[in-house]
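A quick write-up on the structure given underneath.
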Amino acid sequence: MARFTNKVVLVTGGTSGIGKATAEAFAAEGAKVVVSGRREPEGNAVVEGIRKAGGEATFVRADVAKEDDVKQLVAATVAKYGRLDVAFNNAGVEWTGALTDATEADYRRVFDANVWGVLGAMKYEIPELVKAGGGAVVNTSSIAGHVGMAGVSVYIASKHAVEGLTKSAALEFAKQGVRVTAVAPAAIVTDMVDRFVGGEHSDQGKGLAAMHPVGRMGRAEEVAAAVLYLASDAAKFVTGVSLPVDGGWLAQ
Ligand SMILES: NC(=O)c1ccc[n+]([C@@H]2O[C@H](COP(=O)([O-])OP(=O)(O)OC[C@H]3O[C@@H](n4cnc5c(N)ncnc54)[C@H](O)[C@@H]3O)[C@@H](O)[C@H]2O)c1
């Protein structure tokens, strides 16, 4: 039997990149997947792709920076599929620049999506996971949650916050059968890296790829594989950790 047969999985930021690949991977393993994001046409396209491949999915629009949206998202998930077993809190935005150029608006935009987007989601997801008799949350952190980097301060701070939230939530709900973990990718070929360095094949992209000990960037499917492991029963004694999926970056 597939690993997630009859499991209900919620994916935020599911309209592209890591979220899309992970939603597809969960569906391919038998899960009923709620794909969430702000962009309806893209979300519907992901759902259509999953259905064409024989999977079960539905799109629910939500901006994770808005508490009401997230509350409705979790309620809509339970209304549609009856329960929640796994939540992948993955939506996020990047920021680059000199620390001295950072504005309050930059800070709020990044922290609203990357930090509140995880905290607010867990606030509504975890009670449903408890009701379902236990479950798993996986948050998308980054190598930027583990180390500092020049020129990325606001993003780095937001992903360090995701690490702290992951550990605290894991401890708070351990006795109730809810595991909370994170994945910490290095550079993964998605729209975000396109915006960050102008794509994998630009000079900057090649430079970034070369910073990984394995000599390349990762693929969204490689992050999805780690998320599925963390959400699965194979990881039932694993909680409060952040798993690097980084081609060796953090070993340096
Ligand atoms: N690509 C990388 O190199 C990399 C590395 C480490 C961590 N990450 C993290 O992975 C996650 C996914 O990013 P990606 O690389 O797939 O890029 P992406 O830009 O394709 O995906 C991010 C998704 O989040 C959505 N999103 C952003 N703000 C949102 C909001 N307020 N409400 C709902 N959805 C929102 C975007 O629309 C998009 O679909 C992010 O949290 C990112 O920080 C990416």
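Both ligands and their constituent atoms are indexed starting at 1 by order of listing.
Within the 4.0 Å heavy-atom cutoff, Ala62 counts among the residues contacting ligand 1. Under the 4.0 angstrom criterion for non-hydrogen atoms, Met217 is not in contact with ligand 1. Under a 4.0 Å heavy-atom criterion, Tyr155 is in contact with ligand 1. Heavy-atom distances between Arg195 and ligand 1 reach below 4.0 Å in at least one pair. Using a 4.0 angstrom heavy-atom cutoff, Ser36 does not count as in contact with ligand 1. Within the 4.0 Å heavy-atom shell around ligand 1 one finds Ser141.
Close approach of ligand 1 to Asp63 (heavy-atom distance below 4.0 Å) involves ligand atoms 30 (C), 31 (N), 32 (N). Annotation for ligand 1: atoms under 4.0 Å from non-hydrogen atoms of Arg39 are 37 (O), 38 (C), 39 (O). Every atom of ligand 1 is numbered from 1 in the order shown, and the set under 4.0 Å from a heavy atom of Gly17 is 16 (O), 20 (O). Close approach of ligand 1 to Val93 is summarised as follows: ligand atoms under 4.0 Å from at least one heavy atom of the residue are 27 (C), 28 (N).
Nearest protein neighbour of atom 6 (C) of ligand 1, counting heavy atoms only, is Pro185 O, 3.3 Å. Looking only at heavy atoms of the protein, atom 10 (O) of ligand 1 is closest to Thr140 CG2, 3.2 Å. With respect to atom 25 (C) of ligand 1, the closest heavy atom belonging to the protein is Gly13 CA, 3.9 Å. For atom 36 (C) of ligand 1, the closest heavy atom belonging to the protein is Arg38 NH2, 3.8 Å. Nearest non-hydrogen protein atom to atom 13 (O) of ligand 1 is Met192 CE, 3.9 Å. Looking only at heavy atoms of the protein, atom 22 (C) of ligand 1 is closest to Gly92 O, 3.6 Å. Annotation: atom 21 (O) of ligand 1 to nearest protein heavy atom, Ser16 OG, 3.5 Å. The protein heavy atom nearest to atom 16 (O) of ligand 1 is Ile18 N, 2.8 Å.
Taking every heavy atom of both residues into account, Val46 and Gly14 meet most closely at CG2-O, 3.7 Å. Shortest non-hydrogen contact noted between Gly43 and Phe59 is CA-CD1, 3.4 Å. When all heavy atoms of Thr58 and Val47 are compared, the pair lying nearest together is C-CG2, 3.5 Å.
Compare Ala113, Ala187, Gly218, Ala186 by their heavy atoms: the one nearest to atom 5 (C) of ligand 1 is in Ala186.
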Would you sort out whether Arg61 and Glu40 count as a salt bridge (Lys or Arg N to Asp or Glu O under 4.0 Å), showing the intermediate values?
CA-CA 6 Å; Arg61 197 197 165 280; Glu40 204 151 348; 5.1 Å; no
Salt bridge (Lys or Arg N to Asp or Glu O under 4.0 Å) between Arg51 and Glu48: does it pass, once the steps are laid out?
CA-CA 5 Å; Arg51 288 186 185 152; Glu48 202 177 307; over 6 Å; no
May I have the step-by-step check of salt bridge (Lys or Arg N to Asp or Glu O under 4.0 Å) for Glu104 and Arg108, ending in yes or no?
CA-CA 6 Å; Glu104 187 179 342; Arg108 295 207 185 285; 2.9 Å; yes
Working for salt bridge (Lys or Arg N to Asp or Glu O under 4.0 Å), residues Glu24 and Lys20
CA-CA 6 Å; Glu24 290 167 351; Lys20 173 176 181 281; 3.2 Å; yes
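With hydrogens and angles disregarded, a donor-acceptor distance shorter than 3.5 Å links the side chain of Arg179 to the backbone of Leu230. The closest donor-acceptor contact from the side chain of Glu128 to the backbone of Glu125 lies at 3.5 Å or more, if one exists at all. The backbone N or O of Thr140 lies less than 3.5 Å from a partner atom in the side chain of Lys159, making a donor-acceptor pair. The backbone N or O of Val115 lies less than 3.5 Å from no partner atom in the side chain of Ser158, so there is not a single donor-acceptor pair. Judged by distance alone, the side chain of Asp194 and the main-chain N or O of Asp191 form no donor-acceptor pair under 3.5 Å.
Within the 4.5 Å cutoff, no side-chain heavy atoms of Leu129 are placed close to those of Phe173.
Contact annotation for Glu94 and ligand 1: no heavy atom of the residue comes within less than 4.0 Å of the ligand. For Thr190, every heavy-atom contact with ligand 1 shorter than 4.0 Å involves the side chain, none the backbone. Contact annotation: for Asn90 versus ligand 1, heavy atoms closer than 4.0 Å belong to both the backbone and the side chain. The parts of Val64 lying near ligand 1 are both backbone and side chain, judged by heavy-atom distances below 4.0 Å.
For Val64, the side-chain contact (heavy atoms from CB on, under 4.5 Å) partners are Thr12, Val70, Ala91, not counting sequence neighbours.
Close N/O approach between Thr15 and ligand 1 is found [any backbone or side-chain N/O within under 3.5 Å].
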